[in-house]
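See structure below.
Quick note: numbers below take in every heavy atom, side chains included, and nothing from hydrogens, waters or symmetry partners. First listed ligand is number 1; within each ligand, the first listed atom is number 1. Numbers for residues simply follow the sequence, beginning at 1. Bear in mind the structure is a predicted one, so any value in this text is a computation, not a measurement.
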Amino acid sequence: MVKCAVIGCGVIAPTHIEGYQTLPDVKVVHLCDLKLDKAKKLAEKYGVARVSRDYRKVLADPEVDLVSICTDHASHAKLVCAALEAGKNVVCEKSAGRVQADLDKMVAAAAAHPELVASGIFQHRFEPHNIAFRELVRKGRMGKLLTLNMNFSCFRSNDYYRSGSWRGTKRGEGGGVLINQAIHHLDQLRFVFGDVVAVTAKTANLTHQGVIEVEDTAAFILEFESGLFGSCTISNSSPSTWHVSLTVTGDQVFLEYDDEVATFVKAWDAKREQQVRDALTGEKNTASVSGKNYYGAGHIGQLADVVEAVRKHRPPKVTLADAATTSSLVMAIYRSARTGRREEVKRYC
Ligand SMILES: NC(=O)c1ccc[n+]([C@@H]2O[C@H](COP(=O)([O-])OP(=O)(O)OC[C@H]3O[C@@H](n4cnc5c(N)ncnc54)[C@H](O)[C@@H]3O)[C@@H](O)[C@H]2O)c1
């Protein structure tokens, strides 16, 4: 039996609790929140035995093997390092950290405890359509990759930002739409197309002035290690709740991919064209979505992987260092927007 705890009992916590509770031989034994009533409410709903206000009680609980960190971005580094030092396996929600120094500390703590599992949540990596896309690229079906363009549009209202004191602040969230929402799609780009070495960016607050200190809009250029060039535009002030469109040009295949389904595929070779279309038009699995639809169905798959990593004493599929590298890409975008220069991405794996 792997026994789990969740620190932070806000919006995302039920997705972790429900994820663990669907897995065989896994039990959630302890919930924690600074606001004890939030922990108590979830404990009652999900039948969890212990609650506490102080995370140190969770880390001192001898029954707990694995801790989910589901708190605001600013607290992730402290909680992850404390969990590892207390001998607990840990999985941290995105963004791994709020600033580069957080990422340095967390990755160093994970490296100092190779006997423990340290993972960062990027649940979309566990969805079949993303795995299929990665395979396609890895097998060279697109040919030599030349350019990609990603537009991500979602909606975050002023009321959303007022719903939590950490949201929309530099100190609490570390950024706006990039570090919180678009980070999922930046991770998908890394997952499918490989690492980004440098970025050139511009950010702005176009519609949330006086409400948030951070960006609601961004445009940037990505230089991938493979030589692929990417351009991205991001907004959280759109009438669409959550929409991502991607255009990819390879020297063998041109692809338009709308909300993660291929909508237009053109290749020199008809057989190759059909292969790409077949791989990228499958139905999405929404049966096991827990939480909002755009959270996708990946949390259960990722938590299952983390639990198996704990049982088998192996690294998780998304190591903390890997998750931190996606957060580091976000940090490089912020740095470039500040300096007005091309900035290199610090990599942790
Ligand atoms: N993977 C996803 O799809 C997804 C979706 C939503 C949120 N998230 C991430 O989950 C994390 C939490 O987001 P949320 O929307 O649930 O936030 P939230 O504000 O709703 O909940 C966070 C909770 O953590 C508690 N908390 C903060 N510091 C604490 C501490 N030291 N000890 C105990 N409790 C503490 C707060 O009181 C609050 O109840 C963020 O990193 C966010 O980016 C991920």
| query | So which heavy atom in the protein is nearest atom 37 (O) of ligand 1, and how far is it from that ligand atom? | reply | Asp33 OD1, 2.6 Å
| task | Give yes or no for whether the N/O distance cutoff of 3.5 Å, strictly under, is met between Tyr55 and ligand 1. | result | no
| query | For the atom pair NE2 (His184) and CD (Gln123), what is the distance rounded to the nearest 0.5 Å? | reply | 5.0 Å
| query | Which atoms of ligand 1 are found less than 4.0 Å from any heavy atom of Gln123? | reply | 1 (N), 2 (C), 3 (O)
| remark: Nearest heavy-atom approach of Arg314 to Val117 is O-CG2, 3.8 Å
| request: Answer yes or no: is there an ion pair linking Arg53 with Asp33, defined by an N-O contact shorter than 4.0 Å? | output: no
| remark: re atom 42 (C) of ligand 1, the protein heavy-atom contact at minimum distance is Lys94 O, 3.5 Å
| said: Contact between ligand 1 and Lys78 is defined here as a heavy atom of the residue under 4.0 Å from a ligand atom; is it met? | reply: no
| Between Tyr161 and Arg167, is there a cation-pi geometry (under 6.0 Å to ring centre, at most 45° from the normal)? | no
| remark: re atom 21 (O) of ligand 1, the protein heavy-atom contact at minimum distance is Gly10 CA, 3.3 Å
| His73 heavy atoms, cut-off 4.0 Å: which ligand 1 atoms fall inside? | 40 (C), 41 (O), 42 (C), 43 (O)
| message | Can you name the atoms of ligand 1, numbered from 1 with element, that are less than 4.0 Å from a heavy atom of Lys38? | response | 38 (C), 39 (O)
| Starting from atom 40 (C) of ligand 1, which protein heavy atom do you reach first, and at what distance in Å? | Thr71 O, 3.4 Å
| Who's the nearest protein heavy-atom neighbour of atom 7 (C) of ligand 1, and how far? | Ile12 CB, 3.8 Å
| said: If you compare all heavy atoms of Arg171 against all heavy atoms of Ala74, which two are closest, and at what distance to 0.1 Å? | reply: O-CB, 3.1 Å
| said: When you measure from the side chain of Ser235 to the backbone of Ser153, do you find a donor-acceptor pair of N or O atoms at a distance under 3.5 Å? | reply: no
| said: Checking Asn130 against His124: is there a side-chain donor and acceptor pair closer than 3.5 Å? | reply: no
| task | Taking only heavy atoms of Asp72 into account, list the atoms of ligand 1 that are under 4.0 Å away from them. | result | 27 (C), 28 (N)
| Close-contact set for ligand 1 against Arg167 heavy atoms, below 4.0 Å | 14 (P), 15 (O), 17 (O), 18 (P), 19 (O), 20 (O)
| query | In this structure, which one of Ile300, Ile69, Leu303 forms a side chain to side chain contact (heavy atoms under 4.5 Å, CB included) with His16? | reply | Leu303
| request: Using non-hydrogen atoms of the residue, decide whether Trp166 is closer than 4.0 angstrom to ligand 1. | output: yes
| Does any N or O in the side chain of His243 come within less than 3.5 Å of the main-chain N or O of Asn151, such that one atom is a donor and the other an acceptor? | no
| request: Could you verify whether a donor N or O on one side chain and an acceptor N or O on the other, from Asn180 and Glu173, lie under 3.5 Å apart? | output: yes
| field | Any N or O of Val11 closer than 3.5 Å to N or O of ligand 1 | value | yes
| field | Test log, rule side-chain hydrogen bond (donor to acceptor under 3.5 Å, both in side chains), inputs Gln274 and Arg277 | value | CA-CA 5 Å; Gln274 197 54 45; Arg277 198 173 285 122; 3.2 Å; yes
| Counting heavy atoms only, which of Thr15, Leu31, Leu34 is nearest atom 28 (N) of ligand 1? | Leu34
| query | Does an N or O anywhere in Ala13 fall below 3.5 Å from an N or O of ligand 1? | reply | no
| message | So if I count the atoms of ligand 1 from 1 in the order they appear, which ones are less than 4.0 Å from some heavy atom of Ile7? | response | 32 (N), 33 (C)
| query | Of all the atoms in ligand 1, which lie at a distance below 4.0 Å from a heavy atom belonging to His299? | reply | 1 (N), 2 (C), 3 (O)
| remark: If you scan protein heavy atoms around atom 44 (C) of ligand 1, the nearest is Glu93 OE1, 3.0 Å
| said: Counting only heavy atoms closer than 4.0 Å, does ligand 1 sit against the backbone of Asn180, its side chain, both, or neither? | reply: side chain
| field | atom 24 (O) of ligand 1 [closest protein heavy-atom partner, distance rounded to 0.1 Å] | value | Gly8 CA, 3.4 Å
| query | Would you call Cys70 a ligand 1 contact, heavy-atom distance under 4.0 Å? | reply | yes
| query | Hey, which atoms in ligand 1 end up nearer than 4.0 Å to a heavy atom of His184? | reply | 1 (N), 2 (C), 3 (O)
| field | Cluster link Val214 to Val330, ILVMFWY, side chain under 4.5 Å | value | no
| said: Ring-plane angle category for Trp242 and His185, please: parallel below 30°, perpendicular beyond 60°, tilted otherwise. | reply: tilted
| query | Can Glu173 be said to touch ligand 1, with heavy atoms closer than 4.0 Å? | reply | no
| message | Salt bridge or not between Asp65 and Lys88? Use side-chain N to carboxylate O under 4.0 Å. | response | no
